[in-house]
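Okay, structure first, notes after.
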Amino acid sequence: MRLSQLFFASLRDDPSEAEMPSHRLLLRAGYLRQLGSGIYSLLPLGKRVSDRVEQVIREEINAIGGQELEMPVVHPAEIWKESGRYFKIGPELVRFKDRGERDLVLAMTHEEVVALLLRDLVQSYRQLPMIVYHFQTKFRDEPRSRGGLIRVREFVMKDSYSCDLDDAGLDVSYRKHYAAYVKIFERLGLEAIAVRSDVGIMGGTAAHEFMVLNEFGEDTLVLCDNGDFADNQQIAEVGKRDPEPEELLPMEDVETPEATTIEALANFLGIPKAKTAKAAFFVTGDGRFVVAIVRGDYDVNETKLVNAIKATGGLRPATVEEITARGMQAGYGSPLGARDAVVVVDELVARSRNLVAGANRVGWHVKNVNVPRDYTPDVMADITNARKGDPCPNCGSPVKLRKGIEVGNIFKLGTDFTVAFGSTYLGEDGQRHPIVMGSYGIGLGRNVACIVEAHHDEKGMVWPEEVAPYAAHLVAIGGARETRVTEVAERLHEVAQGAGYWRDILYDDRDESPGVKFTDAELLGMPWILTVSPRSLAAGGVEVTNRATGERSTRPVGEVEALIRGS
RNA sequence: CGGGGUGUGGCGUAGCUGGCUAACGCACGUGCUUUGGGAGCACGAGAUCGUCGGUUCGAAUCCGACCACCCCGACCA
């Protein structure tokens, strides 16, 4: 490919909107252009990388027996109503009407369609197990996109679906995907770690997310150095050290002006945060008012809270009016005197003695509050975030927290969708059974961005050979002075044309100064930079530079031709 | 949705306390020179100053509304 003809432009300056290295570099090197918030065009270079990532995934999913198909982006809303997700999912699901006033949605994922296809096509246990997958555009109207390709609204995802006879079969399919994902991320040059994760609105029984560590990551991972624990913080249950035993003391009001935060309260009273009880107020999607109590040295984990009270439709923070209406006072809140509220208490609070809790009047707290003596929990559960240094539940050593980006996930869906759609098979026993499904996603663009995050330096991108858009970047210098330079460069380019799509090379045939060409070559990041110049020819051929290591050597033209051919 | 910020040519910016023909660097076109690390000279093209409205003799500049985008948070199968 001649650079003079390539649809791209490299930017000398960083675009002001880009913060993450991957975003900055992909824009600067002309791989990407933004069209709107969370909506991007892939330019030819970006498209080629994405295609290569796609091909790696295709090969590995094929290797576990996946069959590629393609399902639509626009769905009749009806099927999302049938599965119930039309009502569970908020504005993230884009809804619209066609000319006939029929309700349509933009697909966020494809469980419904798969379940429908299964209903139509699978009759007998003899047809299972089966894995189907496709690469298809998803649209999710995220409240906030960010980080270039890291969090977008429109993106292409590989989603595969396993279809099994029973839970044992699902386990096998799940493990196959797990193993395939390990291979995929290895081939992509990503150090992904699998963490257990929440099943969210997918339902189901188990899930892992594959994460790459990154300071811009949106998820917090709880990891044990011994390698025996890796959970998303959303679900991580770690140990909590037992509080000191104490005698129960009688409750006592204490005046605490301006102490509306745990920080201020602990400072004012001169006590550790661990001696306080923190109250957080929520309203569930199904309309219940929830007061969550955790110890002052912990934070409420909303995922755990949702799961503890089976809150459909999630949680939102309660308004001050809603809190007051139930006999409580924001900033000085506790379940003391609360009414019409679901009281959810963290199990550690129940084990802790004589905590300072809100008095539900401005400027006052109550000392020596004890559960269940002074108020009655409706639900008792672990509802706190794991903290750095908390003991690993498996080996007791302190856990650490890290930020991560989710590059793939695997879910055990179960039978929710197949039951909803009546997707059953006739078993060996002559009975109808629902097909057991699993769902497995990998976002292409996000992976492209993560590869750049992992493979770049101050000069630009450094593509691993497996995903590089071109095998090499050919820089011709001094062609105007010495016609032999152009002859050799043209020859190498021609060889590349015959060597196959992915063995093609980028040929910088532009009339630019050497500095510009080298800088662009380093920015664009092909794994090999080939330099032809009067100097290299005098030294015996073509200078071959390894972009990653910077090693360079001069090789005879014939040898470089062989390199381009891949032999 | 809350908080903060930004919209001036393809990119990065200046101008913004009201007054010349909207300026600068890069990129772009033509010509000459140059050619191993973001070249030089000359000429040139390119901007409804986000949109709409208001104030004013006069608005990129002041006021209002709206829109878009970015950052933090909420949210995130």
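Remember, it's a predicted structure, so these values are computed and weren't measured experimentally. The analysis underlying the following values was restricted to heavy atoms, covering all of them including side chains, and did not include hydrogens, waters or symmetry mates. Naming convention: chains lettered A, B, ... in sequence-line order (proteins, then strands); numbering from 1 in each chain.
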I need a per-nucleotide contact map over nucleotides 26-36 of chain B, read 5' to 3'. Cutoff is protein heavy atoms under 4.0 Å; write B for the base, S for backbone only, - otherwise. SSS------BB
Would you check if the side chain of A:Arg547 reaches a backbone N or O of A:His473 as a donor-acceptor pair within less than 3.5 Å? no
Any side-chain to backbone donor/acceptor pair from A:Asp346 onto A:Ile383? Under 3.5 Å, distance only. yes
With a 3.5 Å cut-off and just heavy-atom distances, do the side chain of A:Arg28 and the base of B:rG10 make a donor-acceptor pair? no
When you check the gap from the basic side-chain N to the acidic O, do A:Arg387 and A:Asp299 get nearer than 4.0 Å? no
Hey, is A:Glu60 close enough to A:Lys158 for a salt bridge, meaning N to O under 4.0 Å? no
Touch class at under 4.0 angstrom, heavy-atom based, for A:Asn409 against every strand present: base
From B:rG38, B:rC75, B:rC76, nucleotide with atom closest to A:Asp520 side chain: B:rG38
Is there a donor and acceptor pair closer than 3.5 Å between the side chain of A:Glu522 and the base of B:rG38? no
Taking 4.0 angstrom as the limit, do A:Arg95 and A:Asp103 come out as a salt bridge? no
Flag, side chain of A:His110 to backbone of A:Ser160, donor-acceptor distance under 3.5 Å: no
Considering only nitrogen or oxygen atoms on both sides, find all protein atoms under 3.5 Å from nucleotides 67-71 of chain B and state each distance.
{"unit_1": "B:rC69", "atom_1": "OP1", "unit_2": "A:Ser37", "atom_2": "N", "d": "2.8"}
{"unit_1": "B:rC69", "atom_1": "O3'", "unit_2": "A:Gln34", "atom_2": "NE2", "d": "3.3"}
{"unit_1": "B:rC70", "atom_1": "OP1", "unit_2": "A:Gln34", "atom_2": "NE2", "d": "3.0"}
{"unit_1": "B:rC70", "atom_1": "OP2", "unit_2": "A:Ser37", "atom_2": "OG", "d": "3.0"}

Presence of salt bridge, A:Asp171 and A:Lys412, under 4.0 angstrom: yes
Would you mind classifying the nucleic acid contact of A:Glu482 as base, sugar-phosphate or nothing, using non-hydrogen atoms under 4.0 angstrom? nothing
